[in-house]
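These notes concern the structure reproduced below.
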Amino acid sequence: MTSSVSPARTDAAPMIEACAVQKWYPNGFHALRGVDLTVQRGEVVVIMGPSGSGKSTFLRTFNALEDFQQGSICVDGIVLSDDLRQIDAIRQEVGMVFQQFNLFPHLTVLENLTLAPVLVRKRPKAEVEQQARALLRRVGIAEQSDKYPGQLSGGQQQRVAIARSLCMEPRIMLFDEPTSALDPEMVREVLEVMRGLAADGMTMVVVTHEVHFAREVATRVVLMADGEKVEEAPPEQFFTNPTQERSKRFLDQILISNP
Amino acid sequence: MTPLLRRLRQDLFATPADGLVTVLLLALIGAGGFAVLHWALGQAQWAVIRANSTLFAVGRYPLDQQWRLWLLTALLAAATGLSWGMLRSHPRPDRGGSLWPRNDWMAVGMVALLSLALPSLLGLALPLQLRWWAIAALLLLLRWLAGRFGPLLPAPLKRCLPLGLPLLYLLGMVLIGGGLALEPVSPSQWGGLMLTLLESSFAILLCFPLGVLLALGRRSDLPLLRWGSVVYIEFFRGAPLITLLFLGQNMLGFLLPGGVAPERVWRAAWVLTLFAAAYLAEAVRSGLAAVPRGQLEAARSLGLSTPQAFTTVVLPQALRVALPSMVGQFISLLQDTTLLSLIGLMELLGTARTVMANPAFLGRNAEVYFTLAVLFWCCCAALGLGSRALERRLNPSTLA
Amino acid sequence: MARSPSVGPSPAPGLVTPVPWWRHRRVVPWVVQGAVALTVLVVVAFLLGNLIRNLTAAGLLLTWNWLGQPAGFDISETLLPFNAELPYWRGLAAGLVNTLRVVITGLVGSTLVGTLLGMASFSGNALLRGLTRTYVEVVRNIPLLLQLVFWYFVVFLSLPNGTAALQLPGVVLAKSGLYLAGFGDGLHWIGPQLQNGVWQAPLRLSVEFGALLTGLIAYTAAFIAEVVRGGIAAVPKGQWEAASSLGLSWWQTLIKVVLPQALRVIVPGLNTQFISLAKNSSLAVAVGYTDLYSVAETTLNQTGRAVEVVLLLLGTYLALDLFISLLMNGLNRLVQIRER
């Protein structure tokens with residue numbers, strides 16, 4: 001046995017444990033400068049920060065879409081290593097929602113949902129389809145299951161993308177600026193779905209600029225800047241009484257445009 | 001003025017200069033059209049085509065073995081009718097599909113017209129004409145049967161049907177070349193349209209997987225694979241096909257153990273395949289470039305392995321984008337088979353040269369070349385039309 | 001050891017045990033590359049081994065001495081002086097010059113015709129548009145080789161000779177060749193003249209060259225027309241509207257406003273077409289024009305030096321392609337800079 005697994009998974013063990021993660025891009029850019037983060041089961045952690053602060057890069061290291069050079073990340077008891085089988089195993093447990101939806105345009109909505117569970121989890125197709133329809137009902141687009149993604153609005157597409165991740169029954173969901181590519185009137189419907197998920201106890205890490213969402217839903221807010229974690233605090237404290245000068249400046253900027 | 005007249009005036013006589021151009025062009029078209037018609041109906045001696053129709057069709061294939069080619073033609077017609085019917089048996093009501101769309105009626109008309117008119121134009125004997133009618137009838141009958149009763153077939157059987165096509169291809173090879181209790185017919189006796197189609201279909205089928213692999217290699221993150229693919233693609237795209245065929249004919253013998261090279265026909269087929277793969281790779285590469293990087297990331301983050309992600313997510317989209325340029329390459333490949341005549345193979349153009357070397361048909365260049373041009377034009381235009389139809393079928397506002 | 005990573009006893013978190021190499025994300029890519037490289041090397045070594053063994057057996061090991069031996073064949077039409085006593089390399093050089101002659105004239109001709117055709121497909125005249133479209137569709141769907149033999153055997157070889165030849169001021173087109181006026185005998189301008197039933201002129205081009213050039217231009221022009229059409233179509237419609245609202249005519253708009261912008265798209269497309277014209281010129285052998293390929297074929301038949309001749313041929317054509325690409329890349333840079 002070569003994979004590294006925690007002895008017993010109890011509710012006390014953290015879902016994500018990232019220690020001193022450092023990343024350099026091949027061009028030498030130091031994207032992450034020793035970032036720590038611990039996410040407990042059922043927590044909703046919101047990561048904020050100006051663009052280029054490394055928050056998306058950091059999020060993407062959790063399911064090995066980005067590699068890192070130093071530090072360690074442990075997801076659901078599995079230590080991220082260079083073991084390809086472990087990377088596959090982690091990706092099955094971690095759902096990811098992208099800014100650009102990344103739905104598969106050549107497949108129908110239903111096929112988008114059933115593809116991975118059937119191929120990866122080897123589950124019977126009929127059973128997966130039933131579950132997929134239930135999920136589509138849950139995100140409020142049950143009647144669109146035979147349409148192609150190109151026929152849906154942006155908000156509908158992002159809800160399909162969330163349902164697609166959920167269909168793999170992940171233990172944790174990562175959201176990479178899920179509402180940034182949406183028209184303002186569609187942001188609400190997506191956030192609504194995310195609120196529902198949080199209420200159901202899903203562990204979530206969300207990179208977003210949505211202050212209201214962070215205030216209401218997050219258990220903790222993390223501010224990143226220049227590849228470092230600047231501040232980490234419960235939302236109430238973060239938004240009303242930040243300790244760092246950098247956080248105050250960021251909040252001033254973001255609250256002007258997003259009161 | 002009626003709308004038609006107004007439209008004509010706007011399109012053709014908007015300004016005096018425009019009018020002059022129109023009149024000149026009309027005169028040119030009239031004179032050219034008259035000259036061609038005058039030649040085709042009056043001066044041309046079409047006997048050269050009628051007398052050599054078998055030669056143009058199959059070359060010097062032994063007469064007593066030609067029943068095998070008739071059988072193959074019938075099988076191909078049956079397969080065509082069957083696939084056509086099966087494709088239509090699942091009408092997509094959301095796209096206004098029906099069991100018998102208007103295009104299909106036009107195709108039926110074409111098949112009927114060709115099978116009735118062509119054999120008699122070629123002056124075939126009545127029994128031969130009857131065979132062509134029977135083959136056309138078989139095609140249409142299976143089209144009807146498959147369209148009508150196809151949906152009633154059990155699902156596993158339906159899934160197995162596409163496997164019949166590669167089997168049919170292998171069977172065709174056996175029927176043409178012999179083996180399995182059939183008398184062997186040496187490739188040197190293959191010729192005419194049969195050889196043209198054999199060479200081009202062989203190259204098209206085999207260059208496809210090779211081209212896709214090369215395209216993936218060229219876009220790979222692994223430097224060795226990338227550079228290997230680049231060298232291959234640029235080498236085959238940089239050299240004229242005739243020099244590569246020349247290489248195949250003259251150097252292949254030295255490259256294989258014992259100096260034994262395969263039959264000339266197969267040597268040429270392999271060179272065509274390797275050549276076409278390089279061009280196909282470029283077509284597929286442009287398709288791959290059109291698939292956003294996020295697609296692969298989404299597939300990987302759902303837990304799909306890299307091969308799974310490519311076969312189910314990336315390649316289906318890339319090939320759809322690349323389809324028009326891929327068919328363009330296949331059309332070029334069909335045209336490029338004429339170069340085989342320069343290395344002494346008896347495909348259509350090679351056959352034409354031997355026919356015109358016959359003292360009885362000396363100087364009948366125009367008739368022969370004109371016929372070949374019409375034949376090639378029809379095949380290539382049909383491929384182009386087919387590709388556009390397939391594109392529409394595959395592309396129902398599905399791409400975001 | 002396929003086991004769900006979330007089940008069963010294992011070392012404590014943080015204690016990373018070594019990852020086996022066949023599952024290591026940094027090692028696997030190199031293993032894959034190594035395997036591919038090894039396969040390629042083995043195949044190449046196999047082929048080269050056979051080549052050397054077979055060539056040794058046939059007594060044909062790679063040498064280039066034969067290039068200096070007298071060729072023993074003649075070339076009917078050359079720019080470089082050549083006869084049967086001169087060595088092979090002079091023959092190959094004469095063939096190369098003949099190839100360059102048809103490629104360069106073909107490039108110029110097909111660019112002119114193709115550009116005109118491409119512009120005509122945006123004409124206001126529906127008949128002209130339709131005719132252009134038809135031309136492109138006809139030419140593109142018929143094999144080039146078939147077109148070349150058609151031009152040669154059907155058109156050029158049925159031209160009349162003697163007094164019946166097609167005569168224009170300074171130009172005569174006969175079955176025996178294309179005769180052009182030019183300077184002869186010092187600095188006198190001399191037109192084609194009929195002497196004893198045979199045309200004479202300062203400049204004579206063979207019908208073989210004429211057929212090849214005509215065929216190549218007619219074929220390549222259709223493709224260039226499509227490139228030009230695509231380039232013009234890529235210029236936003238607003239440019240046409242803006243120019244005509246300033247009072248420019250259709251022709252002025254096209255030349256002064258649209259074409260300069262379209263060049264950005266057109267030049268890379270032209271590069272492809274020019275290279276394919278250079279490669280297609282090797283079909284000269286079908287109409288009896290002695291180009292590089294045709295000399296190489298004769299050379300191979302006489303010397304049996306398959307490997308050397310094939311290497312020379314491939315190397316020369318690759319160099320020619322590279323040269324055209326370099327030129328066109330330079331032109332491309334020029335076009336792009338002028339934009340800014």
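A note on names: the letters A, B, ... follow the listed sequences, proteins ahead of strands, and every chain is numbered from 1.
In this structure, the portions of C:L128 lying under 4.5 Å from any heavy atom of chain B include both its backbone and its side chain. For B:L222, the parts lying near chain C are the backbone and the side chain together; criterion is any non-hydrogen pair under 4.5 Å. For C:L127, the parts lying under 4.5 angstrom from a heavy atom of chain B are both the backbone and the side chain. With a 4.5 angstrom heavy-atom cutoff, C:L47 touches chain B via backbone and side-chain atoms both. Of the atoms belonging to C:V36, it is side-chain heavy atoms, and not backbone ones, that fall under 4.5 Å from chain B. Only the side chain of C:A37 comes within less than 4.5 Å of a heavy atom in chain B; its backbone stays farther off. Interface residue C:L300: only side-chain heavy atoms are found under 4.5 Å from chain B. At a 4.5 Å heavy-atom cutoff, C:Q147 makes no contact with chain B through either its backbone or its side chain. For C:F153, the parts lying near chain B are the backbone and the side chain together; criterion is any non-hydrogen pair under 4.5 Å. Residue contact with chain B, scored on non-hydrogen atoms closer than 4.5 Å, involves the side chain of C:V32 exclusively. Contacts between C:V40 and chain B at a heavy-atom distance below 4.5 Å are absent for every atom of the residue. Interface residue C:D321: only side-chain heavy atoms are found under 4.5 Å from chain B.
Cation-pi geometry between C:R129 and C:F122 is not met at under 6.0 angstrom from the ring centre and within 45 degrees of the axis. Judged by the 6.0 Å and 45° rule, C:R140 forms a cation-pi pair with C:F223.
Per-residue counts of heavy-atom pairs under 4.5 Å with chain B were compared for C:S282, C:G49, C:A57; the largest is that of C:S282. Of all the listed residues (C:S158, C:S281, C:G124, C:S325), the one sharing the greatest number of non-hydrogen pairs under 4.5 Å with chain B is C:G124. Residue with the most contacts toward chain C among B:L372, B:L28, B:L244, B:L8: B:L372 (heavy-atom pairs, distance under 4.5 Å). Chain B forms the most heavy-atom pairs under 4.5 Å with one residue out of C:V285, C:L318, C:V149, and that residue is C:V149. When B:Y369, B:F370, B:F235, B:F376 are compared by the number of non-hydrogen pairs under 4.5 Å with chain C, B:Y369 comes out ahead.
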**Asked** Yes or no on salt bridge (charged side-chain N to carboxylate O under 4.0 Å, His left out) for B:E347 and B:R353, after CA distance, side-chain angles and deciding distance?
**Response** CA-CA 10 Å; B:E347 49 64 73; B:R353 293 177 145 207; over 6 Å; no
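There is no side-chain donor-acceptor pair under 3.5 Å between C:N280 and C:T220.
C:Y135 contributes a side-chain N or O that, together with a main-chain N or O of C:A218, makes up a donor-acceptor pair within less than 3.5 Å. Checked by atom type and distance alone, the side chain of C:N125 pairs as donor or acceptor with a backbone atom of B:D18 at under 3.5 Å.
Checked against the 6.0 Å centroid threshold, B:F246 and C:Y293 count as a close aromatic pair.
A salt bridge does not link B:R300 with B:E297: every distance from a Lys NZ or Arg NE/NH1/NH2 to an Asp or Glu carboxylate oxygen is 4.0 Å or more.
Residue C:V287 comes nearest to C:L148 through the heavy atom pair CG1-O, 3.7 Å, listed as atom of the first residue, atom of the second, then distance.
With a 4.5 Å cut-off on side-chain heavy atoms, B:S200 and B:Q335 do not count as touching.
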